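Bear in mind the structure is a predicted one, so any value in this text is a computation, not a measurement. All chains are named by letter (A, B, ...) in the order of the sequence lines, taking the proteins before the strands, and each is independently numbered beginning at 1. When reading the values below, keep in mind they use all heavy atoms of this one structure, side chains included, and skip hydrogens, waters and symmetry mates.
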Number of protein chains: 2
Amino acid sequence: MGLDVFFAKEFPDPEQHLLAHYRIESDEPIERAAMKIAAEESIGTWTEVKTTTTRVRRDLAAKVYNVKGRMASIAFPIELFDVQIGGIPSILSIVAGNLFGLRALRAVRLMDLEFPPDVVSHFKGPKFGVEGVRRMLGTGRDRRPHLGTIVKPKVGLTPRETAKVAYEAALGGVDMIKDDETLVNQKFCPLWDRLHEVMEALDKATGETGRKIFYALNITTGADRITDVAEKALENGANMLMVDIITAGFPSLQALAEDPSIDVPLHAHRAMHAAMTRNREHGIHMNVLAKLARLAGADQLHTGTAAGKMGEENEVAEISRINEMLRAPMNGLKPVLPAASGGIHPGLVPENVEALGRDIVLNAGGGIHGHPRGTRAGARAMRQAIDAHMMGASLSDYAEKHVELREALQLWGTRQDYRYA
Amino acid sequence: MGLDVFFAKEFPDPEQHLLAHYRIESDEPIERAAMKIAAEESIGTWTEVKTTTTRVRRDLAAKVYNVKGRMASIAFPIELFDVQIGGIPSILSIVAGNLFGLRALRAVRLMDLEFPPDVVSHFKGPKFGVEGVRRMLGTGRDRRPHLGTIVKPKVGLTPRETAKVAYEAALGGVDMIKDDETLVNQKFCPLWDRLHEVMEALDKATGETGRKIFYALNITTGADRITDVAEKALENGANMLMVDIITAGFPSLQALAEDPSIDVPLHAHRAMHAAMTRNREHGIHMNVLAKLARLAGADQLHTGTAAGKMGEENEVAEISRINEMLRAPMNGLKPVLPAASGGIHPGLVPENVEALGRDIVLNAGGGIHGHPRGTRAGARAMRQAIDAHMMGASLSDYAEKHVELREALQLWGTRQDYRYA
């Protein structure tokens with residue numbers, strides 16, 4: 001069996017193949033390097049084996065079907081995938097598995113995946129999606145961006161202190177409050193006490209404002225335990241759940257999304273993603289993780305900010321494309337609401353909404369709790385910035401009659417500020 | 001709160017801190033860049049927040065305590081970690097989370113972790129470990145390397161064809177047979193049929209040879225389902241289970257390891273690891289994944305080969321150090337048996353055993369099934385190479401009286417050969 005088994009003579013049927021696009025660095029011709037990926041991830045190994053059959057060679061070889069510059073596209077026959085037991089881990093072990101270690105490549109980045117409908121149909125995707133979450137918040141008509149806050153400091157507050165911050169943020173106008181990703185069930189802030197205190201505070205805030213406010217409780221844990229934790233959280237009033245999909249694995253999110261008794265939106269965080277996504281030559285593009293998160297059932301997913309403490313300057317167009325992709329048709333799966341988080345403050349609102357769209361959650365942590373007059377004023381300033389942008393007013397004009405926004409702009413300006421980032 | 005909160009004036013108490021070592025590329029001084037990691041992953045954000053308390057600042061700041069060249073060490077107070085619900089995902093979200101995306105860094109690699117005993121004590125680790133697996137195979141005294149094979153072709157054989165390959169390998173002398181990582185429950189080879197056929201074939205082989213042979217059935221799936229699949233597998237005769245720990249997440253392995261009814265060794269594969277581990281400037285070193293795999297309960301773990309189709313030439317010393325680390329004391333956890341896999345054939349046995357030690361599984365796929373006279377002869381040739389090395393004989397001398405080894409050496413020589421790699 002020569003390497004030529006792994007080259008397609010014609011364009012593959014996208015109903016019968018999962019298409020994967022790689023950027024390759026190699027001392028060999030890219031076509032040849034790509035055929036080695038196709039071999040390693042389907043039926044080949046480094047030497048000829050006596051155990052291969054004609055049927056295997058004919059039906060199961062992955063094939064390179066397009067090479068342009070350093071980009072190569074490979075079609076994986078649908079028969080290679082086991083979505084029943086293996087699921088997303090099994091998909092990853094094929095399109096994003098051993099290939100990253102192959103010596104024939106100096107570096108390789110999985111840029112994108114295109115799933116055949118038969119694979120997608122095994123997944124339920126988001127339960128609520130963009131419209132579901134908007135309906136719950138009553139923003140289906142005005143289509144404004146949602147405002148979220150991460151309780152700060154990231155860790156260390158007691159449940160009561162956390163609830164106080166949440167209450168202030170709620171009165172200031174946020175639509176959702178979330179735990180930071182490093183907070184789960186530490187002794188200084190046990191999960192159940194925190195949930196109890198925060199929901200009590202938010203019930204009070206809803207009573208005073210008439211507005212629903214989500215609290216994304218971080219219950220990141222293994223899929224073996226997460227539905228139990230989630231069910232207990234729902235019994236205790238939780239109205240949104242947060243899962244870190246890279247550190248815990250996609251199955252943790254999927255287990256929640258596919259459990260009919262978990263009837264609240266799921267907020268997906270992606271801590272550790274940049275260990276794989278940041279290097280532009282090697283690893284996995286966020287495109288891929290975002291599509292898998294949608295399959296697994298994220299109602300909201302962090303995708304980055306147009307200006308903030310994370311990531312690269314030239315990433316903005318890429319994030320915008322990822323956000324479009326999350327809202328694009330995908331075999332009937334609901335669209336995902338992207339969350340922009342990390343370094344956001346009122347002065348950055350117009351830039352972010354213009355680049356990333358209005359179907360978005362703008363998450364501000366420091367940009368709310370760092371306001372000179374504290375959390376409530378900080379949340380007001382963010383809402384004022386959103387309102388200004390929705391009305392087509394400039395922030396500076398709007399700030400003339402809105403003191404909280406004016407104070408925020410005085411402190412942070414309209415540019416990114418990275419004391420710690 | 002200035003950045004100086006995140007610098008330690010004295011060496012941290014290793015009982016009270018998790019110590020993390022990073023290699024950093026930054027335009028800023030390394031010390032300052034490292035303090036930004038400590039801030040982001042403990043109590044800081046990009047701006048001063050009004051919600052921080054004195055207690056938080058005093059007790060929960062992570063601190064940089066050592067900087068040498070581009071290496072920086074950070075001590076994370078033990079209170080930051082939630083091993084009860086959050087577990088390994090929660091540890092990762094702190095020491096390997098958002099920091100990879102920080103703009104202040106051009107690149108960052110998490111090189112190693114040192115766990116305080118209090119964290120380790122929450123984990124059970126391997127059930128069997130090196131001595132447990134050796135005892136089951138009766139190799140506790142002669143201490144020879146174990147011989148494993150991956151059924152090839154990677155995918156496509158029917159259950160009966162798979163069982164035939166397994167039987168031939170068993171008669172040739174392998175100690176274990178494993179599925180390839182891309183095979184779980186595809187239609188061409190359903191999991192339960194495969195298990196049934198292979199165990200029947202291995203029972204026959206054991207009857208003929210008197211030797212126990214393991215079959216590592218790949219049941220990689222989410223932690224929510226893996227114990228059910230595992231229990232059904234044990235009822236149907238499975239004697240070893242395989243899990244892919246990066247694609248499925250560490251919780252899948254841990255769920256098996258902590259279930260008292262799963263009384264067989266666990267073989268941990270690491271497909272996708274090289275998306276994070278291969279780049280030497282950015283990502284996560286295999287050291288870290290290996291320690292987490294030990295915490296999670298791997299009895300066997302892939303760590304690489306001294307010569308093979310995967311990885312970099314200069315990796316050998318590193319792999320050797322990882323293997324030593326897996327066998328080193330770790331707060332009472334059992335040692336893990338490393339598996340060397342990818343491109344191994346008889347001619348590479350001495351080099352691998354010398355570099356990686358005798359407490360190892362040598363996994364040969366193509367290097368067995370590619371033998372000119374097929375699988376049984378290929379397995380014999382590998383065993384002969386191991387026997388020769390254990391006796392201190394050179395392969396070429398030993399091959400004079402051992403025809404299978406001679407044929408293998410004629411085909412592949414004593415060097416690496418990478419037709420597809």
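With no hydrogens or angles considered, a side-chain donor-acceptor pair links Asn185(B) and Gln84(A) at under 3.5 Å.
Both the backbone and the side chain of Val155(A) come within less than 4.5 Å of a heavy atom of chain B. Heavy atoms of Phe188(B) lying under 4.5 Å from chain A belong exclusively to its side chain. Looking at Thr220(B), the atoms closer than 4.5 Å to chain A (heavy atoms on both sides) sit in the backbone and in the side chain alike. Thr158(A) touches chain B through backbone and side chain together, each having a heavy atom under 4.5 Å away. Neither the backbone nor the side chain of Ser252(B) has a heavy atom closer than 4.5 Å to any heavy atom of chain A. Residue contact with chain A, scored on non-hydrogen atoms closer than 4.5 Å, involves the side chain of Leu60(B) exclusively. Contact of Thr375(A) with chain B is made through the side chain alone, with heavy-atom distances under 4.5 Å. Of the atoms belonging to His269(B), it is side-chain heavy atoms, and not backbone ones, that fall under 4.5 Å from chain A.
Ranked by heavy-atom pairs shorter than 4.5 Å toward chain B, the options Pro372(A), Gly365(A), Ser90(A), Gly87(A) are led by Pro372(A). Chain A forms the most heavy-atom pairs under 4.5 Å with one residue out of Ala255(B), Ala274(B), Gly86(B), and that residue is Ala274(B). Chain A forms the most heavy-atom pairs under 4.5 Å with one residue out of Asp244(B), Ile368(B), Leu80(B), Thr227(B), and that residue is Leu80(B). Looking only at heavy-atom pairs under 4.5 Å with chain B, the residue among Leu110(A), Val184(A), Thr277(A) that has the most is Val184(A). Ranked by heavy-atom pairs shorter than 4.5 Å toward chain B, the options Gly249(A), Pro251(A), Ser93(A) are led by Ser93(A). Ranked by heavy-atom pairs under 4.5 Å with chain B, the first of Leu191(A), Leu92(A), Thr182(A), Asp82(A) is Asp82(A). When Ala271(A), Gly370(A), Gly222(A) are compared by the number of non-hydrogen pairs under 4.5 Å with chain B, Gly370(A) comes out ahead. Counting heavy-atom pairs under 4.5 Å between each of Glu161(A), His273(A), Lys187(A) and chain B puts Glu161(A) at the top. Top candidate by heavy-atom pairs under 4.5 Å with chain A, chosen from Gly378(B), Ala33(B), Gly304(B), Gly367(B), is Gly367(B).
Val56(A) and Pro153(B) make their closest contact through CG1-CG, 4.1 Å (heavy atoms, listed as atom of the first residue, atom of the second, distance). The two residues Glu40(B) and Lys154(A) make their nearest non-hydrogen contact at O-CE, 2.8 Å. What you find for Val49(B) and Gly366(A) is that their closest heavy atoms are CG1-CA, 3.8 Å.
With Thr51(B) contributing its side chain and Lys152(A) its backbone, the two residues share a donor-acceptor pair below 3.5 Å. Panel note: side chain Thr221(A), backbone Ile85(B); a donor-acceptor pair is recorded below 3.5 Å. Under a 3.5 Å cut-off, the side chain of Arg278(B) and the backbone N or O of His282(A) do not form any donor-acceptor pair. Under a 3.5 Å cut-off, the side chain of Arg55(B) and the backbone N or O of Leu157(A) do not form any donor-acceptor pair.
Arg57(A) meets the side chain to side chain donor-acceptor pair (under 3.5 Å) test with no other residue; sequence neighbours excluded. With sequence neighbours excluded, the residues satisfying side-chain contact (heavy atoms from CB on, under 4.5 Å) with Glu281(B) are Glu25(B), Arg70(B), Ala107(B), Asn279(B).
Within the 4.5 Å cutoff, no side-chain heavy atoms of His369(B) are placed close to those of Lys50(A). Looking only at side-chain heavy atoms (C-beta outward), His345(A) and Trp46(B) come within less than 4.5 Å of each other.
Atom CG of residue Asp224(B) and atom CD of residue Gln254(A) lie 7.5 Å apart, to the nearest 0.5 angstrom. Going from atom CG of Asn98(A) over to atom CE of Met272(B) covers 12.0 Å, rounded to the nearest 0.5 Å. How far CD of Gln186(A) is from CZ of Phe81(B): 9.0 Å, rounded to the nearest 0.5 Å.
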